[in-house]
Visitor: 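Quick one: structure below, then a few questions.
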Number of protein chains: 2
Amino acid sequence: MKINKKMLIGLHLGNGYGSQSGAWRMPGVDPMSYTSFDARVKQAQAAERGKFQFLFLPDGPGAVMTDIETEAPAFNLDVMMTLAAVARETEYIGLVATGSTTFNEPFNLARQFKALDVMSQGRAGWNAITSSGEDVAANYGRRIPSSEDRYGRAHETIQLIQSLWGSWGKDAWIHNQKTGQFANKDQILPINFQGKYVSSRGPLYIPPSEQGQPIIFHAGGSPNAHELAGRFANVVIGAAFTIEDAKAQRNIFRASAKSYGRDPDEIKYIPGLMTTIAKNRRTALDRRIKLGGDSLIQRLGYLQQMLGVALDPSRINEPISKVQLDVARPSRYDPRSANALKIAKEGWSLRDILAHGVIDYHPVIVGPGVEAADHMQAWFEAGAADGFWISPDVNADGIDAFVNEVVPILQERGLFHTEYEGKTLRENLGVTDQYGIDPRV
Amino acid sequence: MKINKKMLIGLHLGNGYGSQSGAWRMPGVDPMSYTSFDARVKQAQAAERGKFQFLFLPDGPGAVMTDIETEAPAFNLDVMMTLAAVARETEYIGLVATGSTTFNEPFNLARQFKALDVMSQGRAGWNAITSSGEDVAANYGRRIPSSEDRYGRAHETIQLIQSLWGSWGKDAWIHNQKTGQFANKDQILPINFQGKYVSSRGPLYIPPSEQGQPIIFHAGGSPNAHELAGRFANVVIGAAFTIEDAKAQRNIFRASAKSYGRDPDEIKYIPGLMTTIAKNRRTALDRRIKLGGDSLIQRLGYLQQMLGVALDPSRINEPISKVQLDVARPSRYDPRSANALKIAKEGWSLRDILAHGVIDYHPVIVGPGVEAADHMQAWFEAGAADGFWISPDVNADGIDAFVNEVVPILQERGLFHTEYEGKTLRENLGVTDQYGIDPRV
């Protein structure tokens with residue numbers, strides 16, 4: 001590990017309530033947060049108070065609404081409009097949104113992310129993904145293309161967009177009122193990009209931002225994702241349940257970057273972490289039980305499969321018996337099973353085991369801040385992560401809980417910065433400015 | 001004319017400088033206004049102080065940059081990001097942006113305008129246009145489709161988008177924390193729109209705004225535009241140089257609305273007006289001369305064609321001679337010619353004739369506020385306009401000049417409202433709320 005290297009932290013900003021589906025019903029939560037831009041701004045400001053490097057706004061594009069009767073859609077009304085609002089009312093935090101390369105006109109993506117970059121004084125990042133859900137495709141009147149075509153189009157789209165971003169040279173915008181020269185035409189060049197999937201003449205009509213142009217993020221874990229991220233991305237939004245898996249994934253992305261002639265340190269691997277931070281484990285578990293409601297117990301059947309033992313719903317408040325624990329084996333089909341068994345062996349009731357979030361989308365910390373800090377330190381120091389994107393259970397108080405209870409511990413341990421390094425996202429992520437067209441392309 | 005009917009006023013918000021190409025160089029103008037969202041917000045607030053009903057942001061999409069060496073591009077960096085910023089820092093003014101039906105995925109347009117509508121508490125309007133510039137098409141790697149295909153796609157795109165906007169019933173969003181019901185699934189329906197050009201399953205995942213859904217605007221004067229606007233639009237962004245032409249156009253749009261079974265009063269015809277407001281004509285002309293610089297005199301050749309007489313550039317500071325004025329005839333090929341001849345006959349120098357803006361894109365008022373008020377009153381009372389969209393010469397002080405010098409006169413004459421009628425754009429334009437799918441479709 002490099003001396004003085006610090007971890008990066010991002011905040012998952014989704015539907016305005018938090019990562020747990022019951023978040024919208026909690027006391028103290030504005031039930032209309034889904035449509036409230038005030039709520040997003042307040043949450044972004046809380047993360048900025050905690051010196052988070054960036055906000056991460058996932059997107060389908062388009063939200064699945066299968067459980068709309070009882071649950072909020074997962075995403076923002078519109079990620080770009082949300083970040084435009086946040087850009088005006090924050091100063092340092094990076095603004096990263098998902099934008100599908102499958103269902104967007106590249107020129108439209110280019111102008112909107114560059115506009116965000118300019119309006120935020122150089123704090124924009126684009127999570128360039130491909131879309132794979134047929135429900136999303138149906139909203140665009142299409143079917144999902146083959147994986148080859150999706151990634152083929154994604155590579156071209158990123159190239160095209162980086163070229164448009166770079167179509168104004170660093171000093172192209174003169175705006176000299178005395179001489180009457182608005183711009184140096186020789187430094188504003190068409191891109192004449194002609195691909196198999198996408199094309200554009202250009203140039204874009206937007207001057208460089210304070211960081212030149214937005215940073216590329218990518219989310220995904222397939223070989224296609226490794227390749228795309230290795231070629232273009234500075235940050236990978238990852239998902240891993242174990243330190244070993246995270247380490248392996250991080251190394252694959254680093255190797256991929258190297259294969260494209262890049263310094264592996266140019267790509268940061270950031271897995272997810274879900275948090276319920278409270279003064280102690282019991283209080284945190286009770287909060288999760290309240291959040292989960294009936295849906296918590298409905299997961300018992302799945303826990304059974306993870307552990308390979310029959311679990312009795314009528315004994316939901318009792319621990320798993322010694323006899324059963326002796327025969328329980330973690331399922332090889334679910335990487336979360338070992339952790340579930342470990343929790344079970346600590347003697348928690350079935351309800352409490354589930355309340356630990358053993359069946360959630362990422363590792364979950366349910367307990368005091370120090371437990372989150374320990375988890376993050378262990379992963380970071382093992383080379384399993386360059387940082388984490390945090391999904392609090394309930395945004396209304398969960399971001400503050402992380403900022404107040406976890407961040408100071410990380411800072412005391414020298415693992416997290418105490419001030420922003422600069423005002424642009426590139427400065428705060430340690431990524432060099434980018435002007436003109438990426439020479440790698 | 002209906003009793004108590006008032007005119008509507010919109011502000012043209014473009015590149016941040018103003019409608020005159022020299023605006024960016026004027027004293028007191030921030031030469032970086034092109035990238036300044038602060039500037040846009042300030043300008044929007046100035047218009048709101050003047051009780052303007054709406055801001056109008058044109059878009060190509062994409063800006064032409066042929067004169068980038070000396071002139072700013074004509075449009076905003078991104079119209080939606082600009083309006084997102086403005087939405088958060090204004091309260092009443094309507095937010096109307098151009099969105100091309102030719103070069104956007106309908107689902108993306110639908111979500112972004114609806115998000116704007118929700119974030120502004122019901123103040124959004126969509127100027128649904130077709131794109132016809134090959135330079136724009138080239139940025140999308142295409143050619144401009146035939147007029148039939150462009151308008152065919154436009155009709156379908158608006159239908160599809162209004163259906164998506166209406167896919168949540170008025171009371172679909174329950175968000176009842178006690179019962180745990182987030183939404184009423186029975187009131188959220190797929191649209192299953194299957195067109196020749198565009199398709200979408202839906203539903204959209206965004207609840208209704210305070211006005212239900214955004215208002216449709218249209219800009220254009222062709223038979224295709226008459227038909228599209230007559231079918232869908234509540235406001236037409238028009239362009240007419242004479243009261244007769246404006247009256248004829250307004251009547252055509254009204255007749256088209258009627259042919260679609262609508263009340264003609266549901267469609268408002270709003271031609272443009274450009275303004276240089278100063279304490280008197282001389283001061284206003286001097287301001288235009290300073291703004292125009294050398295480019296003013298370069299238009300002499302064209303003025304010659306408009307009047308049918310030879311004009312000597314060396315006599316730029318002299319009026320046209322009596323002999324020449326006697327033989328001068330307004331060109332039948334340019335509807336601005338009669339006005340140019342009228343100005344010439346008033347005895348102004350060649351430079352001053354040009355400084356009157358006789359070759360500009362819309363009628364131009366160069367003089368004290370009362371001249372603008374007189375123009376607007378005459379057109380309004382003749383049934384030539386339901387209002388005007390105003391393009392000040394220089395936004396930095398030109399909006400304030402209009403608000404301070406023209407608006408009070410219109411209000412005194414009972415031609416313009418003194419307070420906003422409500423908080424939504426529909427309330428302020430007198431358009432009924434729209435929920436669910438438009439029954440006309």
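A, B, ... follow the sequence lines: proteins, then strands. Residue 1 opens every chain.
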Visitor: Quick check against the 3.5 Å criterion: does B/W24 have a side-chain atom that pairs as donor or acceptor with the backbone of A/H175?
Guide: no

Visitor: Which bit of B/D135 comes within less than 4.5 Å of chain A, counting heavy atoms only: side chain, backbone, both or neither?
Guide: both

Visitor: For the pair B/Y17 and B/Y34, name the ring-plane relationship: parallel under 30°, tilted 30 to 60°, perpendicular over 60°.
Guide: parallel

Visitor: Is it the backbone or the side chain of B/Y197 that comes under 4.5 Å from a heavy atom of chain A, or both, or neither?
Guide: neither

Visitor: Can you tell me which of B/M81, B/M26, B/M80 forms the most heavy-atom pairs within a distance under 4.5 Å of chain A?
Guide: B/M81

Visitor: Within the 4.5 Å heavy-atom criterion, are A/W165 and A/D117 side-chain neighbours or not?
Guide: no

Visitor: List the atom of A/A44, the atom of A/V86, and the distance in Å for their closest heavy-atom pair.
Guide: CB-CG1, 3.5 Å

Visitor: Please classify the contact of B/D38 with chain A as side chain, backbone, both or neither, using a heavy-atom distance under 4.5 Å.
Guide: both

Visitor: So which of B/R142, B/R25, B/E69 has the biggest tally of heavy-atom pairs under 4.5 Å with chain A?
Guide: B/E69

Visitor: Using non-hydrogen atoms and a 4.5 Å limit, figure out which bit of B/D59 sits close to chain A: side chain, backbone, both or neither.
Guide: side chain

Visitor: Determine the option with the most heavy-atom pairs under 4.5 angstrom with chain A, choosing from B/A183, B/G195, B/S199.
Guide: B/A183

Visitor: Using non-hydrogen atoms and a 4.5 Å limit, figure out which bit of B/E89 sits close to chain A: side chain, backbone, both or neither.
Guide: side chain

Visitor: Please check: side-chain N/O of B/N108 versus main-chain N/O of A/F103, any donor-acceptor pairing under 3.5 Å?
Guide: yes

Visitor: Between B/D67, B/N176, B/L83, B/L160, who has the most heavy-atom pairs with chain A when the cutoff is under 4.5 Å?
Guide: B/N176

Visitor: Where does B/P203 contact chain A at under 4.5 Å (heavy atoms): side chain, backbone, both or neither?
Guide: both

Visitor: Out of A/T70, A/V118, A/I68, which one racks up the most heavy-atom pairs below 4.5 Å with chain B?
Guide: A/I68

Visitor: For B/F75, is it the side chain, the backbone, both, or neither that has a heavy atom closer than 4.5 Å to a heavy atom of chain A?
Guide: neither

Visitor: Which region of B/E71, side chain (C-beta onward) or backbone (N, CA, C, O), has a non-hydrogen atom less than 4.5 Å from a non-hydrogen atom of chain A, or is it both or neither?
Guide: backbone

Visitor: Please report the shortest heavy-atom distance between A/S120 and A/L95, naming the atom on each side.
Guide: CB-CD1, 3.6 Å

Visitor: Pick one of side chain, backbone, both or neither for B/M32, based on which atoms fall under 4.5 Å of a heavy atom in chain A.
Guide: both

Visitor: Could you tell me which portion of B/V29 (side chain, backbone, both or neither) has an atom closer than 4.5 angstrom to a non-hydrogen atom of chain A?
Guide: both

Visitor: With a 4.5 angstrom heavy-atom cut-off, is it the side chain or the backbone of B/P106 that approaches chain A, or both, or neither?
Guide: neither

Visitor: Among B/A87, B/P31, B/A85, B/G293, single out the residue with the greatest number of heavy-atom pairs under 4.5 Å to chain A.
Guide: B/P31

Visitor: Using heavy-atom distances under 4.5 Å, tell me whether B/L204 contacts chain A through its side chain, its backbone, both, or neither.
Guide: backbone

Visitor: What part of B/T66 lies closer than 4.5 angstrom to a heavy atom of chain A: side chain, backbone, both or neither?
Guide: backbone

Visitor: Verify the distance criterion only: is there a donor paired with an acceptor across the side chains of A/T157 and A/T101 at less than 3.5 Å?
Guide: no

Visitor: Count the heavy-atom pairs under 4.5 Å between each of B/P27, B/A115, B/S209 and chain A, then report the option with the highest count.
Guide: B/A115

